[in-house]
Protein chains: 2
Amino acid sequence: MKRQNVRTLSLVITTFTYLLIGAAVFDALESRSEQAIKNSVDEMRVDLQTKYNISNEDYEWIEQMVIEYTPHKAGPQWKFAGSFYFATVVLAMIGYGHSTPSTVAGRAFCMLYAAIGNTTITLIILNTNANHVPLGIPLGIVMFQSIGERLNKGASIVIRNLKKICRCKKTEATELNLMTATSVLSSIIMTSGAAVFSSYEGWTYFDSFYYCFITLTTIGFGDYVALQNDHALQNKPGYMALSVVFILFGLAVVASSINILVLRFMTMQAEEMHREDTDMGP
Amino acid sequence: MKRQNVRTLSLVITTFTYLLIGAAVFDALESRSEQAIKNSVDEMRVDLQTKYNISNEDYEWIEQMVIEYTPHKAGPQWKFAGSFYFATVVLAMIGYGHSTPSTVAGRAFCMLYAAIGNTTITLIILNTNANHVPLGIPLGIVMFQSIGERLNKGASIVIRNLKKICRCKKTEATELNLMTATSVLSSIIMTSGAAVFSSYEGWTYFDSFYYCFITLTTIGFGDYVALQNDHALQNKPGYMALSVVFILFGLAVVASSINILVLRFMTMQAEEMHREDTDMGP
Ligand SMILES: [K+]
Ligand SMILES: [K+]
């Protein structure tokens, strides 16, 4: 079998193994709690139906109604501020799903918007930054890569000046310096972001951290979503702006760590290939 | 101002402009329908509360209960099959959020799982495929890139043989051939996927296509999620396998289109730089 095929196959096997491990752990951690929640809600439901004498048919209808109403509880989701938040969440590929287009035209435009947005942005990046940005970066994160690369540049300068002040012999910013810097910056963004959202949304600090992590990895479950209380989209423009900047700037920092990681492995790879070439000799 | 900074700034401005346009269009398309839905649900709610004489307090409690119960309607989400589906959705960064960990341990493991999974897979890709895969590709899509590259290789061979059969002069598969091939393959996967999910889930064809698009772009709103009816996770293992394969294979095909797109622009960029070098002369 060709070497390339073997590698791809082993990658597929690794992925499936990792999925199996994940499935086993999630099962072990969540199944019991799930059963407990289901039992308690089942009981409450029976109590409620008995108390008000609600037929099963009507209860199902209530369920549908409540689910449909959920996004509306947070106030208008599609007025300009809400639509802007939605567009950010789509373009960054986070897709919380806290509110989604309900019309056919809205859904069609949403697909077009994601497709054009990502293609255009990919082309811009590829055209402008080919020398400095690893190519083929995440469709969604792609637009942040450019800012990420600038951040790295800025960090290098700060580190160099710090080293001059400390009278170090070598003032160049090493890869390790940069990786430390971005790690520190990522940690600051995650922890301070968690603190801010925790205070605005009334979440526990852990849940708020979980929200920041799930957002900045662009997974975006939507079990926790900012701006969904007290009509915040309309009434708290400052907090609304902060949330958008958190997403955009946070993803840029994530992109800058990827940027370094990738540059590092490109160098390693190049060195290895050079060694192989030398070893092979005549 | 330095050229690099100008470019980054113009990228930021482009992105914000695109977000503003998106916000305006989504507002125009969705706001009216949103208001109409809200009004009709408001009316139904009043009717219901009057019919059964439910207090406002109890109604809010019903709301909470229904929302909490939603994932349980589909049957156990965290038994092995459901956990496997969840792990796939996390690792591919889709994050439907149809069901999310409810325990602190579950949430902590989920963050660890996403972090390790994506780092490890990035490193594997970078180590094994550095010559053929554009580096720094999507954290989530990264593992599919390798399969995507193999698909392209396979497509080249098929195209070359077809050309030989047609007795073409040049039998090499051109970039344009390959791009056409992946586009056709993507279209087949999207349209046939839409047909399959439409028949299994009872969605309209358009909604089913919307589901496939939102899934394979890894946005994953979760307004439409497969395997959430008739305890499908437990009772329809064939359909469950099909859904997972659809995600994995679909993302691989998407990755293979990106692979070509990126290679194409790398070539263009190299040519441009070569021209610039030649023009500059002495
Ligand atoms: K999502
Ligand atoms: K997502």
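Order of the sequence lines fixes the chain letters, A, B, ..., with proteins taken first and strands second; residue numbering starts at 1 for each chain.
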Sort out for me which of [options] touches chain A most, counting heavy-atom pairs under 4.5 Å.
options	value
B/I37, B/T204, B/I54	B/I54
B/D58, B/I94, B/I214, B/T70	B/D58
B/Y59, B/W61, B/Y52, B/F84	B/Y52
B/G82, B/A87, B/S99, B/S102	B/S102

Is it the backbone or the side chain of [X] that comes under 4.5 Å from a heavy atom of chain A, or both, or neither?
X	answer
B/A24	both
B/F213	side chain
B/V89	neither
B/A108	both
B/L20	both
B/Y85	neither
B/Q35	neither
B/R45	both

Subject >> B/D42 bridged to B/K38 by N-O distance under 4.0 Å >> reply: yes

**OP:** Taking only Lys NZ, Arg NE, NH1 and NH2, and the carboxylate oxygens of Asp or Glu, determine whether B/E63 and A/K73 approach each other closer than 4.0 Å.
**Re:**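 Looking at B/E63 and A/K73, the cut-off is met.
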
Original post:
Is there a side-chain hydrogen bond (donor to acceptor under 3.5 Å, both in side chains) between A/S33 and B/T103 once you walk through the steps?
Top reply: CA-CA 7 Å; A/S33 143; B/T103 66; 5.7 Å; no

**OP:** Pick one of side chain, backbone, both or neither for A/Y210, based on which atoms fall under 4.5 Å of a heavy atom in chain B.
**Re:**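 It is both, since atoms from each part get that close.
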
Original post:
Mind checking whether A/Y113 and B/Y18 have parallel, tilted or perpendicular rings, split at 30° and 60°?
Top reply: parallel

Original post:
Would B/Y96 and B/F221 count as a close aromatic pair, with their ring centres under 6.0 Å?
Top reply: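 Aromatic pair excluded; centres sit 6.0 Å or further apart.
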
**OP:** Kindly determine whether A/N53 and A/Q49 satisfy side-chain hydrogen bond (donor to acceptor under 3.5 Å, both in side chains), including the steps that lead there.
**Re:** CA-CA 5 Å; A/N53 194 23; A/Q49 280 191 268; over 6 Å; no

Interface residue of largest heavy-atom contact number with chain B, from [options], under 4.5 Å:
options	value
A/P76, A/S40, A/A81, A/P71	A/P76
A/Y69, A/W78, A/F109	A/W78
A/A105, A/A28, A/C110	A/C110

Original post:
B/Q77 side chain to B/H72 main-chain N or O, any donor-acceptor pair under 3.5 Å?
Top reply: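 No; zero donor-acceptor contacts below 3.5 Å.
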
Original post:
Looking only at atom types and distance, does a side-chain atom of A/D27 sit under 3.5 Å from a main-chain N or O of B/F80, one as donor and one as acceptor?
Top reply: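 Side chain of A/D27 to backbone of B/F80: a pair is present.
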
Original post:
Which atoms form the tightest heavy-atom contact between B/I247 and B/T215, and what is the distance?
Top reply: CG1-CG2, 4.0 Å

**OP:** List the steps and the verdict of side-chain hydrogen bond (donor to acceptor under 3.5 Å, both in side chains) for A/E30 and B/S83.
**Re:** CA-CA 9 Å; A/E30 289 291 327; B/S83 289; over 6 Å; no

